[in-house]
Every structure is written in C-alpha cells, then in structure tokens.
Number of protein chains: 2
Amino acid sequence: MVSFRFFGGKGGVGKTTVAAAHGVACARDGLETLVVSTDPAHSTSDVFDQQFGDVPQPVSAHDRLHAMEIDPQAEVDDHLQELRQQLGQQLSPAMVNEVSMQLEMAHQTPGAYEAALFDCFVDVMQNADDYDRVVFDTSPTGGTLRLLALPEYLEQWVERLRHKREKSIKNFERAAIGDQQARRMLEGDPIIDRLQERKRNFEFAGEVLRNEAAFTFVLNPDELSIHETRRALESLQEADLTVDGLVVNKLTPDPDPDETGTGAAFLRNRVSRERERLETIRSELEPPVVAEIQSRAEEITGDTLTAVAAELDTRPVE
Amino acid sequence: MVSFRFFGGKGGVGKTTVAAAHGVACARDGLETLVVSTDPAHSTSDVFDQQFGDVPQPVSAHDRLHAMEIDPQAEVDDHLQELRQQLGQQLSPAMVNEVSMQLEMAHQTPGAYEAALFDCFVDVMQNADDYDRVVFDTSPTGGTLRLLALPEYLEQWVERLRHKREKSIKNFERAAIGDQQARRMLEGDPIIDRLQERKRNFEFAGEVLRNEAAFTFVLNPDELSIHETRRALESLQEADLTVDGLVVNKLTPDPDPDETGTGAAFLRNRVSRERERLETIRSELEPPVVAEIQSRAEEITGDTLTAVAAELDTRPVE
C-alpha cells in the first residue's frame, strides 16, 4: 500500500530539504520511496547533487530512493499553447485575438498555477504503485483545497450540459440534419468528457488525500512563519485534512558556553528569542512539534542530509 | 507633487521594516510622508509600537510621518458579501445557491486578493494630495501588472456591451415597451458604469506607476530570494516599470576578529556564503544595491529603526 506524505509551508522555510531528508529516512527504513519536488529553484537536484527530471529516477548512493522534479508552471504554459492551437482551428482570426488575450490573463493568475500543481499531484498519485511511500515537498493550499468540494459541483454542471446537449440534438433532428451526426455529438462530446475526467480526478484526489495521506508543516521560528502556518492549518482543517506534525527548521545554533564577543552575544540573543517562539508554537498550534532542526553552516547535502534524516521519524500514515 | 515608492519582495524578506525605515528617513528629510502597509501580520504597528487602521494617522515621535494599514483580504470578503446581497434581490433561491458557490470560489483565488490589493493602491494614490511622498510596503506583482494593459481591453469590451445594449433597446422599442424606460437602461447601466470606472482607475494607475512612482526590491542573501527577485524584476520590466534599487536585508553580522568557538565559526561561514551571494546579486541583477542591512539581535523598532533609516537614502523619483 502506498502512502503519501506532503510537506507544507511557505517558500523558503526549507520544505524541499526536509522532504528530501524524510525520503532518505524512509528508504533507509526499507520503504521503496519516491520524492516529488515542485520547487521552481530545483533544489532537490542541489540537495542530492544530481539532476532530476519529470519522471522518477533512482537517487545515487541511496537504495530504494527515487526522485523527480515537476514544474507546474510549464504545465500552465503548455496548456495555454494547446488551447491557442485549438482556437486557431475553430475561430475567426478576430475572435482568436480577443479570446487569446483572455486566455493569457487567465493563465497568468496564481489560480492557474495552483490548478496545474493539483493536476501534477493527481498524476503522480495515480501512478505510484511501484512505491511504498511518496513524499511531496509541497502541499495543496487554500484555493486548491476548495477544489476537493468540486466533484459534487461538477456533477451538476455535467448533468446540465448533457441536458442542453440533448435538447439541441433534438432540434438538429427536427431540422433533419441527420441523426447519425447528432448522436456522435452526444457521445463523444469533448467538453462533457473533459468535465467528467476532471470530476473523476478530483474524486480520486479527495479519497487519497483524506484516507492515504498525511501532512507535515515546516516552519521557521519567526512571527511571519507562525502566522502563515496558523492560516494554512485552518484551511487544511476546513478541508477535513489533518496535519500530524510540525517541523521547526532553521533554528539558530548556540555558541559554545565559554564564547564571548559580539558574535556570541548576537547568537545567544537570537536563540533566546527563538525559544520564546518555539514556546508559542508548542502552546498555540495544535499539531505536535516532531522535529527541531538547527541551521548548519554548510548547505544540507550528503552526510548532513543523513544527519537531518536521523532527526525525522518515518511513521506511517495512520 | 506627490511621489510614490513601492518596496517589493517576497513575504518575510523585511519589506515592511525597510519601508517604515524609508518613511522615517523621508520625514526626517522634511517630506510629509505616508507609509502604507498591507502586511497581514500588521507589523507596521509593531515597528512603531502604535496601532494603525485604514485611515492615515500621525506616527508618534516622528514629525511629518503618517501611517495606515490596509487589509486587501477584508476588501475581498466585503465584496463577496455585497455581491451576495445583490444576488438575493435579483435571482431565484436555486440560482443564488449555484452562483454563490461560483462567487465564493472566485473570491478565494489568489487573483482576487491581487485585484483587491490593486484597488487599495489606486484608492490611496487618488487621495494622496496631502503628502510629498507615499511609501508602500509591497508592490504590484506578476498578475496584477498585466492589469495595466487592461484599459485598452476594457474599452473594447465597453463598446461592445454598449452596442448590444443599443440593439436590445431598439428591440424593446419595437416591442413598444415605451422608450422612457429603455433610454434609462442605456444611460444608467450599472455594468457599463462599473466597467468605465474600472477603466478610468486602471488608466490613472498606469499613469502614476509609470511617471510618478519608483520601485525598490528587498531581498535576502539566499538562493530562493535571488531567484524570486530575478523573476519579479522581469515582470516589472515587461510592464515598463523600472526598479531603481535593491536593498539586501538580513545579512549575518561578523563576529569580533578575535572570537573563536563554534558560534564564531558558524557566523564566519555564513558571512562568507552571503558575500558570494551579494557578488551574484551585484553582477547578475540589473538594479544597483542601494543598501545592505545587517540582522540585528533585537527587533527593529525605535532607535534601531532610525539607524536603519540612516542607511537608506531618500532620492526622489526621477
């Protein structure tokens, strides 16, 4: 049985690194593991010092570990391109210009990126049978989570379209255009097909996210990060999804006990402020803090990654 | 003459603090200054240790300085509420439910937040005559910048709607409904009025942003921040807006030269990595680095704010 773990949190908190470390820990514990990164800066490639693409590839020096990087923005761009081509075949040049601008604007909204990201999730989740665990370095967010309520809504929409289509076919028949063509329009209608495919995808995604997935949030010990995590937790809760743990990343390390000077004073001051925030996180946010990860002087790759992995547990999804 | 300065950059880089410090510096240099914050964490209130609301208020202990905090999300929620009320008066209960869900989904997209943010900008810019300088702690981003091309597009849309409206009025007249009512529909059409108002607002905003505004980007010395700044600079450039300076914030301070120990080693390692990134920023990003601000052990408020202000210049918009 596959289970899915999503690492949520704002850009820059260290999700990709924590997700990679979790993947390393899962593989070490004997699970066939796939790490899926959607990070636009392609940092999974940096973490493992190996290039990944949009199909799973074995990670060198780690048995049972695979990784892939997907780019939702490229999907958005491809989709726009495809629609434009279809339009060119169906509309007059004047209409193409006009519709084209509307399409472009729609594709440049953040909503388009979120929708494409969700499609990428679904695609990976539908093709994950080779793995025991799939780890995502991001999580569906506010707007996308509402899409989980979409199947019900799409159902009504499809029904209404189907009804209209039937009426128009009757009109065609009355006009004696010939019922062979009319029937083809009902059965092979590309819009209805597409809506039903989306409905099935969203139903599938809702099932998986509610029953086979777990969510961990990564945050940093600063006010903004706490504030945003609180909001993200609320929106997951509204969608009936539960975050089972928080990872506090980028904690400032203590200087040696006998260190003096402005550097040591700076670090001690920071550490003490971060401790207060950790207290806030523990007392005000519901999920337990399952790992505290200190900032390292060096980039987290190689041995450091293994050290971080050791700090993370690999509990299965309950 | 008012001039406007926008501080762009991703959440968490320190835009609000830098914008507040810039406001302090402008006021100190004799300009009547308004600082406008859209930060959801209300950190302008934290920076000045004073509560602000959605109308300008004098900042205590700083002559000529005013501040306000606006909440685009509240605008989005109000707008949804308003539309729902209007719907209740015009549609059947079954239709209200259906349309209501569509409206809710549209209002929960990030695009709705961006559009509301833009409306807030326009509102402040239209009512800024009392000030020599208005400082915003955020900048229009990707999707919103495309809205600057909207007036032209809206013009066509308004014309087409007007044309349709004229035709339907002629039909009304033919049906002898009486031309008094029909004419009223043409002149007072709420949709056409609304579109024309938006068109005027966007024209005004485009004028101001191109001719009376300047943009500064705030970034941190890490890869993600550099990557995102590069993308943001491109989208401003596409909209014919120029970023005239970069502020690199949250640089790690050096320890004392004679400090030893793991704390000092950690800081030195960080400082050296950040220097490399500063080099990248200087060589690969076009706008000049106009300020480098070190992380302080304490929160930036009071005297620290004045110290940061001293590091920023207050050049007028050219």
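Bear in mind that the values here come from a model prediction, so they are computed numbers and not experimental data. Within every chain, numbering begins at 1; the chains are lettered A, B, ... in the order of the sequence lines, protein sequences first and strands thereafter.
For the set A/S272, A/G263, A/P255, the count of heavy-atom pairs under 4.5 angstrom toward chain B peaks at A/G263.
Contacts of B/T260 with chain A are made by backbone atoms alone, with heavy-atom separations under 4.5 Å and no side-chain atom involved. Residue contact with chain B, scored on non-hydrogen atoms closer than 4.5 Å, is absent for A/D258. For B/N220, no part sits under 4.5 Å from any heavy atom of chain A, backbone or side chain.
For the pair B/F266 and A/S295, the tightest heavy-atom approach, listed with the atom from each and the gap, is CE1-O, 3.8 Å.
For B/R231, the CZ atom counts as loosely surrounded, since its 6.0 Å shell holds 12 or fewer non-hydrogen atoms of other residues, nucleotides or ligands. In the displayed structure, A/D77 atom CG is contacted under 6.0 Å by more than 12 heavy atoms of other residues, nucleotides or ligands. Heavy-atom neighbours of B/D49 CG from other residues, nucleotides or ligands within 6.0 Å: at or below the threshold of 12.
Under a 3.5 Å cut-off, the side chain of A/E259 and the backbone N or O of B/T262 do form a donor-acceptor pair.
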